[in-house]
Every structure is written in C-alpha cells, then in structure tokens.
Number of protein chains: 2
Amino acid sequence: MSPARRRVIPEATIARLPVYHRCLLQMQAEERSKASSEQLAEMAGVNAAKVRKDLSYFGSYGTRGVGYGVDHLLVEIRRELGLTHDWPCVIVGAGNLGSALAKFAGFSDRGFSVVAVVDIDPARVGEQVGELVIQHEERLAELVLEHAVVIGIITTPPAAAQEAADTLTQAGVRSILNFAPTVLDLPADVLVRDVDVAVELQILAFHEERRAAAKASATAAAKPATAKPAATKPATGKQVTAKRATAS
Amino acid sequence: MSPARRRVIPEATIARLPVYHRCLLQMQAEERSKASSEQLAEMAGVNAAKVRKDLSYFGSYGTRGVGYGVDHLLVEIRRELGLTHDWPCVIVGAGNLGSALAKFAGFSDRGFSVVAVVDIDPARVGEQVGELVIQHEERLAELVLEHAVVIGIITTPPAAAQEAADTLTQAGVRSILNFAPTVLDLPADVLVRDVDVAVELQILAFHEERRAAAKASATAAAKPATAKPAATKPATGKQVTAKRATAS
DNA sequence: CAGCGCTCGTTCACATGTTCACAAAGTCGC
DNA sequence: GCGACTTTGTGAACATGTGAACGAGCGCTG
Ligand SMILES: NC(=O)c1ccc[n+]([C@@H]2O[C@H](COP(=O)([O-])OP(=O)(O)OC[C@H]3O[C@@H](n4cnc5c(N)ncnc54)[C@H](O)[C@@H]3O)[C@@H](O)[C@H]2O)c1
Ligand SMILES: NC(=O)c1ccc[n+]([C@@H]2O[C@H](COP(=O)([O-])OP(=O)(O)OC[C@H]3O[C@@H](n4cnc5c(N)ncnc54)[C@H](O)[C@@H]3O)[C@@H](O)[C@H]2O)c1
C-alpha cells in the first residue's frame, strides 16, 4: 500500500473537509456525478482556489477540464477523515445538553456512535435517554475500556469538567469535545476541541456593538471631512454573501 | 468621550476576549485584585505575549511591574464585548437542541436573554420550555420586532435553516448563530457563526486517524534508518499542555 | 488526430496571526 | 530619593492561511 503519501495537512483545510463532505453527499443525493471546484466552492461558501488547494493536499485527482468525481472524492475524504470505521463516543453529563446530544440521531450517519452516557446524579442514573440508559459516572473508566471509546464528550457543569477530562484521559481517551466553559489542563497528546456557545454569542455581540458604534459616530460626525462614513463603512463585508465563521 | 480610540481588532483576538473575561470573573470570585499577563495566560491556556498584545489593542492599561487590575480589566472587556447591555435573542426550532438552549440559565449572566422560542410544529406550540412558551414560527418576524431581537439562533433541521435565516434577516436580525449543518446564503452584512458538532467530531476523528496511521507506519517501519518513530512522533504536541482549539 | 476550451494543480504575493525579545515604565525596599 | 526588580507594551521575525493568476493536462469536436 501507499499509506503515508501526503503529509502536513493544514488545520484550516481539515476543518473544511467535513463541509466538503457534506456538500458532496448532497450532490450525490442529487445524482450529480461530477463537481467542479467552482461548484463545490459555491456550495461550501468558500473560494474555488481554496477548494482546489485543499483537495490537492491529499493528492486526490480531479480531472482537468472536467472536475472531480463526486463518488471518488467522497471516498477519498471519507478515508482521510476516518469515516470508514466507527468511532465510539461517550457522553459525560446527562443534563440538558448531554441528553440532547445523546438523543440526536445525526451522528451515527457519520460513523459516530454514542455508546454510553454517564451522570453523577443518582436520580438520573437508570433513566432512558434516546436508546441508552444513563450509567453512573463511577463506571466511566470501565465503560471506556469496555466499548473501546475513542472520543469523550463533556457536558458537565464547568466545575466538574476537569475531573471528567482526567478520568477520560486516564482511561485512554485522547480526543475530547468539551462543551463546558472551562480550560482543560491535560497532557499534550490529548486533543481538546472546545465548543462554547456563550463565546459565540459574545463574538456576535462584539460585532453588533461595533456596528452600533460605527453608526453612531457616522451620525455624530455627520458630514465633516470626507464622505467616508457611508462609503468606507460597509467595507465590513467584502464578499457577496454573508460573513461566515466556524470552529477553527 | 473618547470612543473610537482603537480600531481593527483582529478576529482571533475577539475570539479570545470571552475567555479572558471568564478567567477574570473567576479571579474576581477568588478576590484576586491584580493579574499578570503570565497568570492570565496560564489560566486561559494561551501564550503570555498574546495576552498582552490582545489587551493592548483596546488600550487598556495594565501597570508595568504589577499587572492588570482585575476589576478594571473586566469593565474594559465587558464594554468592548458589549456585555454592558442586554442582547435579546430568539431561538428558531424548539427540538432537542433548541429546548436545551432555551432551558439553559448560563446565558442571562452574560447579558443574553432568550426572549422567544418558535417552532413550526403545531404540536409543540404552547408547550412550556424553561420560562418561555413556544410560539408558532409564523410569528417569528413579529416577535423579532416586538422584542427588538438582535441575535437569532437557528436550531431547526438543516432543510429549514435557510428559510429561518431569511425570515430573521428580513425582520432585521444581523447576527445569526447557526447550529444546523447548512451553509446559509445571506446578505453580506449579516454575520453568521456556525456551530457544527458533527464537524468537530470529524476533526477529532481525522487526528485519531492520523495517530493510528503514524503508529502503524512506525511499527511497520520498525527500526530502519534513524530512531525517529519514538523520538519524532510525539512532536504532535509542542506545548506542555493539551492542544486546544475553539471556534475561530 | 489536431486544435480548442475547460478546469485542475501549483506558484506567488499578500494578509493574518503568533511568538520572541527587549526597552520603557512602573513598584517596592531601604 | 535611588536602585533593583518586575511586568507591560510593541517592533520585528516567523508561521500559517488566503486569493489571484496561470501553465499544464484532459476531453470533446470537427
Ligand atoms: N444549552 C445548554 O445546555 C448549554 C449551552 C452552553 C453551554 N453549556 C454548557 O454545557 C454544560 C452542560 O450544560 P447543561 O445545560 O446540560 O447542564 P445541566 O446542569 O443540565 O447538566 C449537567 C449534568 O452533568 C451532571 N454532572 C455533574 N457533575 C458530573 C460529573 N462529575 N460526572 C458526570 N456528570 C456530572 C449533572 O448531574 C447534570 O445532569 C455546562 O458546562 C454548560 O455551561 C450548556
Ligand atoms: N444534539 C443535537 O441535537 C444536535 C447536534 C448537532 C447538530 N444538531 C443540529 O441542530 C439542529 C436541531 O437539532 P435537534 O436535535 O434539536 O432537531 P429536532 O428535530 O429535535 O428539532 C428541530 C425542531 O425544529 C422545528 N422546525 C422545523 N422546521 C422549522 C421551521 N421552519 N421553523 C421553526 N421550527 C422548525 C421542528 O418542529 C423541531 O421541533 C439540526 O439541524 C441538527 O442537525 C443537533
């Protein structure tokens, strides 16, 4: 085999692969067999050159003059993302958010199966959530080993997040998706991705605040000097479509 | 007043402000009155120089030889993020995720209040979720105007997301937090932030896949050439602590 | 089978973000 | 008040990511 062919794929590219994957799935559903970088870019909301560069990293051929084969590209991306096999996940903390995630069906499609949900609250243990029964948090390490869990999802209150992460790590989990607004301190070989809804809202608020400030000063400054206010300000958006931002 | 003093604050900095804010709150709770960039950096899981540069963008003084005044810095950041006033939000789609968000109490602390929740399913309309009653999606535009909603949160199925976004936009909402795995097509002045849990999982999976591949080829290659496998591979993590990644 | 048009893959210049390193500016002890 | 020590604020080097431009390769057509 020729396994280690490409190397050092940029993080930014990796973050876009799932989006391409999703677009390609949609194209497949629409029976399209070929896709040009232009079309993919349009659908994914990015630049066409970026698409080509991203795809070229893992040597996937498109065909010049034609485009990329949808099916072929899907296979490539799926292999690259490791979506060919199943990733057993565990959810720690069966509260509002943990339960919502546990009930959500959309992950299994992509090869992520939630194999266990734990909580520390005895009142919740035994409760059914989706297809699973909530287990006690004491059994977390045990469950990780039993199901060969690879990804841990933390949805505990912030104060309990570090402890949950430690337990997961000690049980061998190297990949953690953390929803708690807590900076986790873990060994360097553990990969943590934080999803913090409050942070997202605050970023939106920042820009709203700026918008308001810009408008206020434009109004206040009225006409002085140049005609900048109206002419220069809408530069906030350069693209034709909305500004977009996803997890890094 | 001296409002428009600093300009062009980098996106990356903005994304870190909420984290600093959280750390400072914690310090305040611990009655610490001063914080050095070093301490803040440690707590926020970033580099100290980055902290200083970030803070310097909006001209906040620390005191050389001493550090930053926790209270003062909190006020500055809060002002910068617009956390001094309330941001009315609306949730579109009262399913698993929408309900979890609506019930969540942690947002109001930061000035984000969910003023309405809508759903298209007649069976759900009228249902109580947290402190609110689910309204019909038809009333969305009306509710936006009535409550002067500034931020829209989309938690509908992917197929309904574009429509929800259009309605929000037409009603004047300029900031959208989108949980649906859909690329929204909106006017350039609308700021969209996507939160896609599936994408996060896929990114984790990618790195797990790479880890596995690296280990496999290290094992396969056994000893040939240099003693690299063990020595070079753990270079995955350069920092002392876990790799971290948040929304861009 | 040669010419033509299309689209990839790559290169290059630029923009954004990170880290280092150090002078300037303050505090604190004496 | 002065000198030693600490920590900020920032300039400059480096790293990463983006977007435009363009040559090279492929399929189609006549
Ligand atoms: N919409 C949301 O729910 C939302 C939004 C943004 C952020 N968050 C964050 O996500 C996390 C969970 O939020 P939530 O609303 O689901 O909270 P929640 O209080 O509803 O649920 C937390 C659950 O974790 C359990 N728990 C506590 N300590 C535990 C431990 N050591 N091990 C296992 N389980 C433990 C609790 O018993 C509880 O059931 C919080 O950190 C919150 O800040 C939630
Ligand atoms: N854990 C999760 O729940 C989770 C995780 C990742 C992604 N997501 C995404 O978040 C979104 C919501 O997920 P969910 O699990 O809450 O789904 P859900 O099916 O439980 O909820 C969706 C709700 O939206 C309502 N709806 C449909 N069309 C609407 C419209 N036009 N206007 C208003 N409401 C409408 C439906 O009636 C339903 O109540 C989905 O796009 C999903 O892919 C959810």
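Note on naming: letters A, B, ... go to the chains in the order of the sequence lines (proteins, then strands), and numbering restarts at 1 for each one.
With a 6.0 Å radius and a threshold of 12 heavy atoms from other residues, nucleotides or ligands, Glu209(B) has its CD atom above the threshold.
No N or O donor and acceptor, one from the side chain of Arg64(B) and one from the base of dT7(D), sit under 3.5 Å apart.
Remark: Lys53(B) is not in phosphate contact with dT10(D), judged by side-chain N or O atoms under 4.0 Å from OP1 or OP2. Residue Tyr57(A) places no side-chain N or O under 4.0 Å from the OP1 or OP2 atom of dC8(C). Applying the 4.0 Å criterion to OP1 and OP2 of dG9(C), one finds that Tyr68(A) has a side-chain N or O inside that range.
In this structure a side-chain-to-backbone donor-acceptor pair under 3.5 Å is present from Arg211(A) to Asp189(B). In this structure a side-chain-to-backbone donor-acceptor pair under 3.5 Å is present from Asn47(B) to Ala49(B).
Distance from the side chain of Ser36(A) is smallest to dT7(C) among dA24(C), dT7(C), dC22(C). Among dT10(D), dT10(C), dG17(D), the nucleotide with an atom closest to any side-chain atom of Pro10(A) is dG17(D). Which of dG9(D), dC22(D), dT18(C) sits closest to the side chain of Lys50(B) comes down to dT18(C). Considering only side-chain atoms of Arg16(B), the nucleotide from dT7(D), dC20(C), dT18(C) that sits closest is dT18(C). Side-chain atoms of Glu11(A) lie closest to dG17(D) of the nucleotides dA20(D), dG17(D), dT10(D).
The CG atom of Asp54(A) sits 13 Å away from the C1' atom of dG9(C) (whole-angstrom rounding). Taking atom NZ of residue Lys34(A) and atom P of nucleotide dC8(C), one finds them 11 Å apart after rounding to whole Å. Regarding Arg52(B), its CZ atom lies at a distance of 11 Å from the C1' atom of dT6(D), rounded to whole Å. If you measure from atom OH of Tyr61(A) to atom P of dT10(C), you get 10 Å, rounded to the nearest angstrom. Atom CZ in Phe58(B) sits roughly 16 Å away from atom C1' in dT10(D) (whole-Å rounding). Between the CD atom of Glu76(A) and the P atom of dC8(C) there is a distance of 16 Å, rounded to whole Å. In this structure, Glu38(A) atom CD and dG9(C) atom P are separated by 15 Å, rounded to whole Å.
Residues Asn47(A) and Gly62(B) both approach DNA chain D. Their nearest nucleotides, taken by heavy-atom distance, put Gly62(B) toward the 5′ side. Remark on DNA chain C: of its neighbouring residues Val66(A) and Ala49(A), the 5'-side contact belongs to Val66(A), judged by nearest-heavy-atom nucleotide.
Between Arg52(B) and Glu38(B), no side-chain nitrogen of the basic residue sits less than 4.0 Å from a carboxylate oxygen of the acidic one, so the salt-bridge criterion is not met.
Ring geometry for Phe104(A) against Phe107(A) counts as perpendicular: the plane angle is over 60°, on a 0 to 90° scale with 30° as the lower cut.
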